[in-house]
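The structure appears right after this line, and notes come after that.
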Amino acid sequence: MNIKQQIEELRAQLRAHNYQYYVLDQPSISDFEFDMLLKQLQELEAQHPEFYDPNSPTVRVGGEVTKNFKTVVHTHRMYSLDNSYDRQDLLDWQARIVKNISDDTFSFTCELKYDGASINLTYENGQLIRAVTRGDGIQGDEVTANIRTIKTIPLSLKGAYPASMELRGEIILPLEGFQKMNQQRISEGEEPYMNPRNTASGSLKLQDSTLVAERPLDCLIYGIASEDMNIENQMSFLQAAKQWGFKIPDTAKECKSIEEVFDFVDYWDAARHELPYETDGVVIKVNSFAHQEELGYTSKAPRWAIAYKFKAEQKSTILESISYQVGRTGAITPVANLKPVLLAGTIVKRASVHNEDQIKKLDLRIGDAVFVEKGGEIIPKIVGVDLSMRSDSTTAIEFIHQCPECHTALTKQEGDAKHYCPNTYGCPPQITGRIEHFISRKAMDIDGIGAETVQLLFQAGLISTYADLYTLRAEDVMGLDRMAEKSATNMIEGIEASKQKPFEKILFALGIRFVGETVAEKLAMAFKSIDALATATFDDLIAVDEIGERIAKSVIEFFEDLGNTMMIERLKTYGLQLALSEEKLKSQSDVLKGKVFVVSGVFSIYSRDELKSLIKDNGAKVSSSISSKTDYLVAGDNMGPSKRQKAESLGVPIISEVEFQEMIQ
Ligand code: AMP
Ligand code: ZN
């Protein structure tokens, strides 16, 4: 056997063992033997780079680092799904199908709705060549190197398959693996991850694929897009994909009638808790691909499929105590401490309660049995009290009167359900909260400094406002706990670099109440410098598009505060950009004032974001969907046909980026 044959033989063996182990869950050799074969292959490949194969089993261990994920436009759009919540919704959907297809008999395929991150896998001649996240459905991020490390995704397919195809699946983190990861994190003194879904989707965007390889991710396939396949329906597709080497849950079932669909849904609503992974519903599809084609798509979802959402899982547990958190604005948030309970696959110990009114409305008492529910949000919420369980030993909750951190008497304003600690400049979590907001990614995005460092620097007495960051010297911070020389210089460099951040970012970073990212942009464009904004009157402010009374008042209050104006003067002396740059000013005009634009597709002169900021810089608005209010649709390559149709039917002019360029010149 020559070297090439030897390498190929090893690859084939490893592939087969990998499939046995991960997909079929029937290991054929010991882990040790597997590792020895892998090592042998790694050595041969290292000696013979001429036989490189991007899909060799050795890439499973990772090693490739992606700094920036490339944006890729999907050849076939990745749609979302319409939702249904009860039997009537499903009956209505069935009636629409009956009306829209030519046959009177058809069947459904029911699959579980896997709760993870969707992925689009492109195979050419049986080789995985690309993996792209769903993104906005039109374009996503290429994460191929990371995906290659997921063991249940075959890198080369078995059997007979279409020469060119895209497979759609969900990247999930099975519960057992998730819990193991968390145990490990806790033992290392780190915060556990919140839930499997976010951890799965976060994993896809890790820069170092070695870290992805270490996570017990899994992939479940549910769809195909291909021009040259001879598969007739969803059920046969699932069977075919299994032959190609994919992991296909055998929970999918063909249902001949909507009653059978109801049975499937009812069965899994109860049985889902025994599954090894999370599911939040069932996806029901019209089985025949010919029927699917006949039914087509709406602007966002296929007409031939619908998701049935299970009701959020509820659990009952004991409310043990309430603690109070102080945010950067001084707002007090009560947090319920619960007797730990397993809810939708994660251990829940805390739930948010928002404010005092909420406590009264729910009639919460310490010691009560409460129902907790997890919706889309990360922190679960209390939805009610089990009054039948209420005992005499429960005690009323008296909302605090003093700040738990600095003991200042709390204030509460008419029309605002929240209590506040008014000690803005003396209350530690408010001080550090403002600095943490200042450095955060969407604000100044300062590298080399995080929430922990802020705490450290504050406790060491080195900073008490964000302006103080700019007076830090490496030698001041080097001696601090866990601050090596390298991290200290990184931090100082990060702070220095932030002086170049544009005005609108600083305006957001200042942490003026109600001034979020977009409002900060609007204000920056309208007033152009911090001095102009500081002297703006209430009327000047509300004259700006989308700036209401609440924001105007808050801006005025901010600049009336001497502490704030002094800090801004300091920021000026440190060289921060407190006015729009010359370049930005030059690009500004109001030639498009009052107009509404929609941008769609891919462009060659500008990036999509550049195009959007140019539209805004010239006084117009950008909207995400076409309506009768849209003035222009700027269309690039690969724009969805439904967008074009909609624009045409509403008589919205469709222009190219070149035509747009002419408009603003
Ligand atoms: P949504 O994001 O709620 O609009 O739901 C659409 C998403 O559900 C798709 O992008 C898929 O990632 C996901 N999904 C999970 N399981 C399935 C399945 N069996 N069939 C189709 N889509 C699924
Ligand atoms: Zn306080």
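As the structure lists them, so they are numbered: ligands from 1, and atoms in each ligand from 1. Because the structure is predicted, anything quoted here is derived from the model rather than measured. Computed from heavy atoms alone, side chains included, the values below leave out hydrogens, waters and symmetry copies. Just so you know, residue 1 is the first one in the sequence shown, and it goes up from there.
Inter-residue side-chain proximity for Arg134 and Asn120 is flagged as unmet; no heavy-atom pair is nearer than 4.5 Å.
Partners of Lys158 according to the salt bridge (charged side-chain N to carboxylate O under 4.0 Å, His left out) rule, which considers only residues two or more places apart in sequence or in another chain, do not exist here. The side-chain contact (heavy atoms from CB on, under 4.5 Å) test applied to Glu260 returns Lys253, Cys255, Lys256, Ser257, not counting sequence neighbours.
At a 3.5 angstrom cut-off on N or O pairs, Lys309 does not count as close to ligand 1.
Residue contacts with ligand 1 for Val283 involve side-chain atoms from C-beta outward but no N, CA, C or O (heavy atoms, distance under 4.0 Å). Of the heavy atoms in Lys285, only side-chain atoms (C-beta onward) come closer than 4.0 Å to ligand 1. Here Asp115 has no heavy atoms under 4.0 Å from ligand 1, in either its backbone or its side chain.
Sorted by chain and number, the protein atoms of type N, O or S within less than 2.8 Å of the Zn ion (ligand 2) are Cys403 SG, Cys406 SG, Cys421 SG, Cys427 SG.
Ion pair Lys309/Asp86 not flagged as a salt bridge, since none of the NZ, NE, NH1 or NH2 atoms sits closer than 4.0 Å to an Asp/Glu carboxylate oxygen.
Taking the six-membered ring wherever Trp is involved, the centroid distance between the rings of Tyr193 and Phe178 does not fall below 6.0 Å. If you look at Phe399 and Tyr324, their ring centroids are closer than 6.0 Å.
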Determine all donor-acceptor pairs shorter than 3.5 Å in which one atom belongs to a side chain in residues 240-248; sequence neighbours excluded.
unit_1, atom_1, unit_2, atom_2, d
Trp244, NE1, Ala160, O, 2.7
Lys247, NZ, Asp218, OD2, 3.0

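In this structure, atom 13 (C) of ligand 1 lies nearest to the protein heavy atom Glu170 OE1, 3.4 Å.
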